[in-house]
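To start, the structure itself, in structure tokens.
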Protein chains: 2
Amino acid sequence: MASVSDVIEKFFKELLEQNQGKTIQIQRNEVAKYFDCSPSQINYVLMTRFSVQHGYYIESQRGGGGHIKITMLKSENNKPAYHLLMNEIGDEITKTQAHRIINALKEQKYISEREALIMKAAMEDSALLSPLNNRDQLRAQLLKGMISVLFH
Amino acid sequence: MASVSDVIEKFFKELLEQNQGKTIQIQRNEVAKYFDCSPSQINYVLMTRFSVQHGYYIESQRGGGGHIKITMLKSENNKPAYHLLMNEIGDEITKTQAHRIINALKEQKYISEREALIMKAAMEDSALLSPLNNRDQLRAQLLKGMISVLFH
DNA sequence: TATAATTAAAGTCAAAGAAAGTCAATAAGT
DNA sequence: ACTTATTGACTTTCTTTGACTTTAATTATA
């Protein structure tokens, strides 16, 4: 039951793959027609799945011969920009936002599947639910959560 | 005397079985309709039977094309060791004790060096320093801590 | 040739639609 | 009595659509 947006996302990523993850150029209206959706949905997909945070860069031009260019920001050794990440996280973050960041790191092959799982385990509400104001209790919850994902 | 919740639990577990215990993706409303129950009952089943402690991991998405993904955390299980560990950790644990456990896991090659680093980062007092009553702040501290160790 | 009009794109934004999440009240088992 | 299930009203999040705007290239006109 993948949404149309999911399908379009996959389509772009496959095109990029075929192109050695460099850059692809598309025509918004063509793609929209191909997937039988409104053109603005293409923008939606770009916004929600191809932002700089996701490791992509978008350029475009309007008017005759207009197009959209998607570039994959692939630094050598897949190292994302540390300070950008720290900035993005900021002083507080929800579980969903945290997942997005972790997934992006995984997709950019900076962390493994297992590493992602460990980190997600520490982001769980249940892991952070310390009844008393006790750091040692919190630590226990966290450690158990992280170990659980590895052992099961 | 199997309750509807029990039946749904079984249903999910059979689906997972068929899928080699990897992961299944369902639509909450579909399942609810199939079992003729309220959609929120699906959440109840997930909460009470598919938590991380039970060896499962849940992710979901709302909106169009929304779904719930149930992942079975692989069971190459050394269950006794797991339970011993959980016991050893107990309800609270100091940073030093936590390090000892993590180091032991590393020695026994259950986790990699990097994985150990990530887990230790989450055990730091500084990561747990933020007001414990604000989960989002705590989460941000933790995530930043865990990512930081990967960059050094 | 310089400007105006036309056409061909892409961008924006808000409303409607489609899921899933939450929580508290009730019901059913033990 | 106490714990576990069930339900439903309400909330939040994500997707889809379409009307309207902006920009660029091309064509027509003075």
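All values derive from a computational prediction rather than experimental measurement. In the text below, chain A, chain B and the rest are named by the order of the sequence lines, each starting its count at 1.
The side chain of B:Arg28 contributes no N or O atom lying less than 4.0 Å from OP1 or OP2 of C:dT22. Side-chain N/O atoms of B:Asn29 include one lying less than 4.0 angstrom from OP1 or OP2 on C:dA20. In terms of phosphate contacts, B:Ser60 brings a side-chain nitrogen or oxygen within less than 4.0 Å of OP1 or OP2 of C:dG21.
Using a 3.5 Å distance cut-off with no hydrogens or angles, the side chains of B:His54 and B:Ser51 do pair a donor with an acceptor. Side-chain atoms of A:Asp6 and A:Ser3 include a donor-acceptor pair closer than 3.5 Å.
Going from atom CZ of A:Phe50 over to atom C1' of C:dG11 covers 18 Å, rounded to whole Å. For the pair A:Asn43 CG and D:dT15 P, the interatomic distance rounds to 15 Å; values are reported in whole Å. Between the OH atom of B:Tyr44 and the P atom of C:dG21 there is a distance of 17 Å, given to the nearest Å. A:Lys95 places its NZ atom 14 Å from the C1' atom of D:dT13, with the value rounded to the nearest Å. The interatomic distance linking A:Phe35 (CZ) with D:dT15 (P) rounds to 16 Å, in whole Å. The separation between A:Lys69 atom NZ and C:dA10 atom C1' is 16 Å, rounded to whole Å. Regarding B:Ile42, its CD1 atom lies at a distance of 13 Å from the C1' atom of D:dT7, rounded to whole Å. Rounded to an integer number of Å, the gap from CD of A:Glu59 to C1' of C:dA10 is 14 Å.
Residue contacts shown for B:Ile68 are limited to sugar-phosphate atoms, with no base heavy atom under 4.0 Å away.
Partners of A:Tyr57 according to the ring pair (Phe, Tyr, Trp, His ring centres under 6.0 Å) rule, which considers only residues two or more places apart in sequence or in another chain, do not exist here. Residues forming a side-chain hydrogen bond (donor to acceptor under 3.5 Å, both in side chains) with B:Lys13 (at least two apart in sequence, or on another chain): B:Glu9. By the side-chain hydrogen bond (donor to acceptor under 3.5 Å, both in side chains) test, B:Lys10 is found to be paired with no residue, residues two or more places apart in sequence or in another chain being considered. Residues passing the side-chain hydrogen bond (donor to acceptor under 3.5 Å, both in side chains) test with A:Thr94, sequence neighbours excluded: A:Gln97. For A:Thr48, there are no side-chain hydrogen bond (donor to acceptor under 3.5 Å, both in side chains) partners, not counting sequence neighbours. Taking B:Tyr44 as the reference, nothing meets the ring pair (Phe, Tyr, Trp, His ring centres under 6.0 Å) condition, with sequence neighbours excluded.
Where B:Val45 and A:Cys37 each meet DNA chain D at their nearest nucleotide, the meeting point lying more 5' is that of B:Val45.
Under a 4.5 Å side-chain heavy-atom cut-off, the cluster of Ile, Leu, Val, Met, Phe, Trp and Tyr residues that includes A:Ile58 is completed by A:Val4, A:Val7, A:Ile8, A:Phe11, A:Phe12, A:Leu15, A:Leu16, A:Ile24, A:Ile26, A:Val31, A:Tyr34, A:Phe35, A:Ile42, A:Val45, A:Leu46, A:Phe50, A:Tyr56, A:Ile68, A:Ile70, A:Met72.
Each of C:dA10, D:dA5, C:dA20 was ranked by its minimum atom distance to the side chain of B:Ser3; first place goes to D:dA5.
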Return the polar atom pairs (N/O with N/O) between nucleotides 8-10 of chain D and the protein under 3.5 Å, or none.
residue: D:dG8; atom: N7; partner: B:Ser40; partner atom: OG; Å: 3.4
residue: D:dG8; atom: O6; partner: B:Ser40; partner atom: OG; Å: 2.6

Restricting to nitrogen or oxygen on both sides, can you table the protein-nucleotides 21-24 of chain D pairs closer than 3.5 Å?
residue: D:dT22; atom: O4'; partner: A:Arg62; partner atom: NH1; Å: 3.4
residue: D:dT22; atom: O2; partner: A:Arg62; partner atom: NH1; Å: 2.8
residue: D:dT23; atom: O2; partner: A:Gly63; partner atom: N; Å: 3.4

